[in-house]
Peer 1: 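Encoded as structure tokens, here's the structure I'll be asking about.
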Amino acid sequence: MEYNFREIEKKWQQLWKERGTYKVEIDPSRPKFYVLDMFPYPSGAGLHVGHPLGYIASDIYSRYKRLCGFNVLHPMGYDAFGLPAEQYAIQTGQHPAVTTAQNIKRYGEQLQLMGFSYDTSREINTSQPEYYRWTQWAFLKMFDSYYCNDKQQARPISELIAAFEQNGTQGLNVACTNELSFTADQWKAMDEHKKADILHNYRIAFQGDTMVNWCEALGTVLANDEVINGFSERGGHPVVQKKMKQWQLRVTAYADRLLAGLDTIDWSDSLKEIQRNWIGRSEGAQVFFDIDGLDEKMEIFTTRPDTIFGATFMVIAPEHELVDKLTTPENAAAVADYLEQTKKRSERERIADAKRVSGVFTGGHCINPFNGRKIPIFISDYVLAGYGTGAIMAVPAHDSRDYAFAKHFGLPIIPVVEGGDLSVESYDAKEGKLINSEFLNGLDVKEAIQKMFAEIESRGLGKKRVNYRLRDAIFSRQRYWGEPFPIYYKDGIATPLREDQLPLELPPIDDFRPTEKGEPPLARAKNWCTPEGYPYETSTMPGFAGSSAYYLRYMDPHNDKGLVSRKADEYWRSVDLYLGGIEHATGHLIYSRFWNKFLYDLGYVVEDEPFRKLVNQGMIQGRSNFVYRISGTNKFVSFGLKEQYDTQPIHVDVNIVNNDILDLDAFRAWRPEFATAEFILEDGKYVCGWAVEKMSKSMFNVVNPDQIIEKYGADTFRMYEMFLGPLEQSKPWDTKGIDGAHKFLKRFWRLFTQREGNFMISDEKATPAELKTLHKTIKKVTEDIANFSFNTAVSAFMICLNELGDCNKREILDPLTRLLHPFAPHITEELWTSALGHETSIFDAKMPAFDPDHLVENSFEYPVSFNGKLRFKKELPLGIPNSEIEKAVLADDNAAKYLDGKTPKKIIIVPGKIINIVI
RNA sequence: GCGGACAUGGCGUAAUUGGUAGCCGCGCUAGACUUAGGAUCUAGUGCCGUAAGGCGUGGGGGUUCGAGUCCCUUUGUCCGCACCA
């Protein structure tokens, strides 16, 4: 009986569906385990072989945990709002909802083919009102909250209003955009507009002016992580800086907790490091400098207050608010000119000539508060408006950027730390003795920094302060295909809807472009206003909104009373294993943690961190094939001979190439222009060249899982993807090699059917050797799954079959089938019921237990070839003490010769063998 | 520039975590069965050498009885951040 994978896989996928095999419910009698994949954005191209890598790994883990007795939640869904569907709609007029639904259907079919154990009754789709209602709900909660630094917690905004009425801003320690100061009376005297404005300064979801990444081609703003080197992540369009009023989320309020939380979760060090860098915490001092001739002070941030005696000038960002006041009439023209110049330079250009020094003198001066010296104030775009206070004290002797600036403008350079050669470059190191610094002289840098913190505070010049690189998340997009904000404008004041008015559904429109006035497409919607006629917000939420709390929704996907019920949340708690790509390190994985912590503060969820363990699967790249056309002809020369001709490489569809050998007929049929192609072969074959590239249609290197499954079956596909290499590693897809995995399954099948061609299982007792092989495999595979080392687990199965020969004993095959099930669910399910005769699904079986008794080595050998002098091989029974082994070694003739009368210093013994004898 | 990861046969990789380097698979070679095989099975396959033997984990150095593994140095590849004060 042949291994008919097509029939078997179809049969079981059907049965699983009918029986609802993978449906899970809360079950307090069993421990829970939550395994989640980062849900896909359903693109029009469908899945290629790279996408399922993580899904296969998580499915293996889910099934394994289930077989270990856990109640496993393993859901899947779709991140369905997003730019590509909208871009497609602009081009074709097709409503994004329509194309998205089509794509989801296609994805669902493809996923189904791979035999995943998803509870499909929990499937979610972020673009459906039943789902995004809760995204809007969370937004309302954020709008209605501020962050209290003392309590380290989000609190209702009403508390803050009460505090303002009592004491104004007196004694306030809360997260805010700008430090404001007013009394209770002033607060009470403000009108509604003013109060609303002030509150935006404190809300966790708030509106405010900010420099944004504006993408003209897409007609929308983008978050920092959506911009790559000045181009949009999606589409690769240029992005410029622009000041705009935008909805934002006060992620910065959580910076410290986001940082601290990293120590409590089981993520890779490299990923944690990326997040730490992204948050970019730095300790320093806020210092106020007097401005010569002005009443105001210049606030700066520095991590090196110890170098303040070396500050020979100040630099402010072009966008700094004091620019106008500082500029003296004689410098006005030059300053205006410079500002004009920097405005024109896009972010990209600024990055491109990061090394070019540019700047202009304002004419204004600051007074160094420690030595009273007057120092000039410059404007330069190397100081960023968005970081710190947008102003710095420049210490050219100990900061390379300040050094370059000082050299360029001929400014004085005063060393204040010993070391380095200032004629060549600045000395940036954080070590050495202080000089030229009055009371700091002789101190070590680290001591001096601490001393200065104290001095600055005691002299009332400023405070010790922590600064973050992390910015508040810009939360609005001038686009159609996203969640509408549950906000309307009453007399121009942003007003939230009530919770019972949710969801605010996305209205239908038929033209998806921005309006002529440059408003977002939603402005085209008819009656986009409340029943009273107040207009709704026309921008929509960004891509990360819907994916920030989706893991909570899976716990209780049909609840219409809340995002997740307390009961479901208390049972499922948080994701135990999260699988996905590293590309979400600074986007989704930050926002989700923020979102979860916010809900935690409000008491809606019980866990502070959403993803306990996270594994980043590598990316699967494409392996492109090339043919070599002899220039100006329709003749193609095989790879090995191409040097003899003048050729051009041409991408060829990898699906008509097998093991780098071109299928000539298929090639001629591929495209009309190749119908008459001629070939120069080597050894009768046309060998193609190859290269590793991104998997994409234009490279003709997309391998479709459907085709692989059609040819080899899902079980083979699953095993082969795992066998390809370590899960975390990126690697090119190469179909060649899949035969090995397929051969393994055929051999496995044959063990059950080898005699007569029908299933035939022997009830004979297994030999010790067979048991040893079985238990060795159980041990290895179990450990490998726990370590996410699926490639070595697959190897272990192959070794197991090599060792078993044609053993068809139940005592071996029954546990082996269970062990293999997570990897190859269809074939094992079939064999479990048909060949082994079990009545219940193998998915409800138990993982075989590993018994160390069967692993006992039966002999101790010491084949040693040491320095080419000592050679012997003896067998000793295992389990004897080391002293006995040593005695046996000393009694050996060859060893005696080698030792030549000397006593060995040490005999190095590891289980099963002697490694070395040291004289 | 800063931070991180990696480097092993023709290829993907493995190595009990400091203990016989190259497991498993692909590919290749030879053979068996077969009308045929892109099926199956057997044997071989790191490199040089007929062999004995020698050499081998990017290069150089070190620690150790012993290093793919640890340390220093160097080269190369990939990734993250990038004027972050």
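Numbers restart at 1 for each chain; the letters A, B, ... are given by sequence-line order, proteins then strands.
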Peer 1: If the C1' atom of B:rG22 is compared with that of B:rG44, how far apart are they to the nearest Å?
Peer 2: 16 Å
Peer 1: If the sugar-phosphate is the primed atoms plus P, OP1 and OP2 and the base is the rest, what is the B/S/- string for nucleotides 33-40 of chain B, using protein heavy atoms under 4.0 Å?
Peer 2: -----BSS
Peer 1: OP1 or OP2 of B:rA82 versus the side-chain N and O atoms of A:Arg469: is any pair under 4.0 Å?
Peer 2: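 Yes, within the criterion.
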Peer 1: Is the glycosidic torsion of B:rU17 within 90° of 0, making it syn, or is it anti?
Peer 2: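 Syn conformation for B:rU17.
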Peer 1: Can you list everything that forms a salt bridge (Lys or Arg N to Asp or Glu O under 4.0 Å) with A:Glu431? Sequence neighbours excluded, please.
Peer 2: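 Testing A:Glu431 for salt bridge (Lys or Arg N to Asp or Glu O under 4.0 Å), a comparison that skips the adjacent residues, returns none.
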Peer 1: Verify salt bridge (Lys or Arg N to Asp or Glu O under 4.0 Å) between A:Arg281 and A:Glu283, making sure each step is shown before the conclusion.
Peer 2: CA-CA 7 Å; A:Arg281 182 182 201 274; A:Glu283 272 182 27; 3.1 Å; yes
Peer 1: Looking at the angle O4'-C1'-N9-C4 for a purine or O4'-C1'-N1-C2 for a pyrimidine, is B:rG9 syn or anti, with syn meaning within 90° of 0?
Peer 2: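 Syn for B:rG9; the angle stays within 90° of 0.
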Peer 1: Rounding to a whole Å, what distance do you find between A:Glu583:CD and B:rC79:P?
Peer 2: 13 Å
Peer 1: How does protein reach along nucleotides 2-12 of chain B, written 5' to 3' as B (base within reach of a heavy atom under 4.0 Å), S (only sugar-phosphate), or - (no contact)?
Peer 2: ----------B
Peer 1: Could you give the distance separating B:rG68 and B:rA21 at their P atoms, to the nearest angstrom?
Peer 2: 8 Å
Peer 1: Under the side-chain hydrogen bond (donor to acceptor under 3.5 Å, both in side chains) rule, collect the residues that match up with A:Lys746, sequence neighbours excluded.
Peer 2: none
Peer 1: Under the criterion salt bridge (Lys or Arg N to Asp or Glu O under 4.0 Å), I'd like the reasoning laid out for A:Asp269 against A:Arg276: C-alpha separation, chi angles, the key distance, then a yes or no.
Peer 2: CA-CA 10 Å; A:Asp269 288 339; A:Arg276 283 193 194 103; over 6 Å; no
Peer 1: List in chain and number order the residues that pass salt bridge (Lys or Arg N to Asp or Glu O under 4.0 Å) with A:Glu728, two or more places apart in sequence or in another chain; answer none if no residue qualifies.
Peer 2: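 In terms of salt bridge (Lys or Arg N to Asp or Glu O under 4.0 Å), with neighbours along the sequence ignored, A:Glu728 is linked to no residue.
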Peer 1: Take atom CD of A:Gln729 as the centre, draw a 6.0 Å sphere, and report whether it contains more than 12 heavy atoms from other residues, nucleotides or ligands.
Peer 2: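 Check passes, neighbour count above 12.
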Peer 1: So, using side-chain hydrogen bond (donor to acceptor under 3.5 Å, both in side chains) as the criterion, who are the partners of A:Arg593 when residues are at least two apart?
Peer 2: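 For A:Arg593 the side-chain hydrogen bond (donor to acceptor under 3.5 Å, both in side chains) partners, ignoring immediate neighbours, are A:Gln275, A:Glu609.
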Peer 1: Could you go step by step and tell me if A:Phe313 and A:Phe409 meet the ring-ring contact (aromatic ring centres under 6.0 Å, His included) rule?
Peer 2: CA-CA 11 Å; A:Phe313 57 101; A:Phe409 286 93; 8.4 Å; no
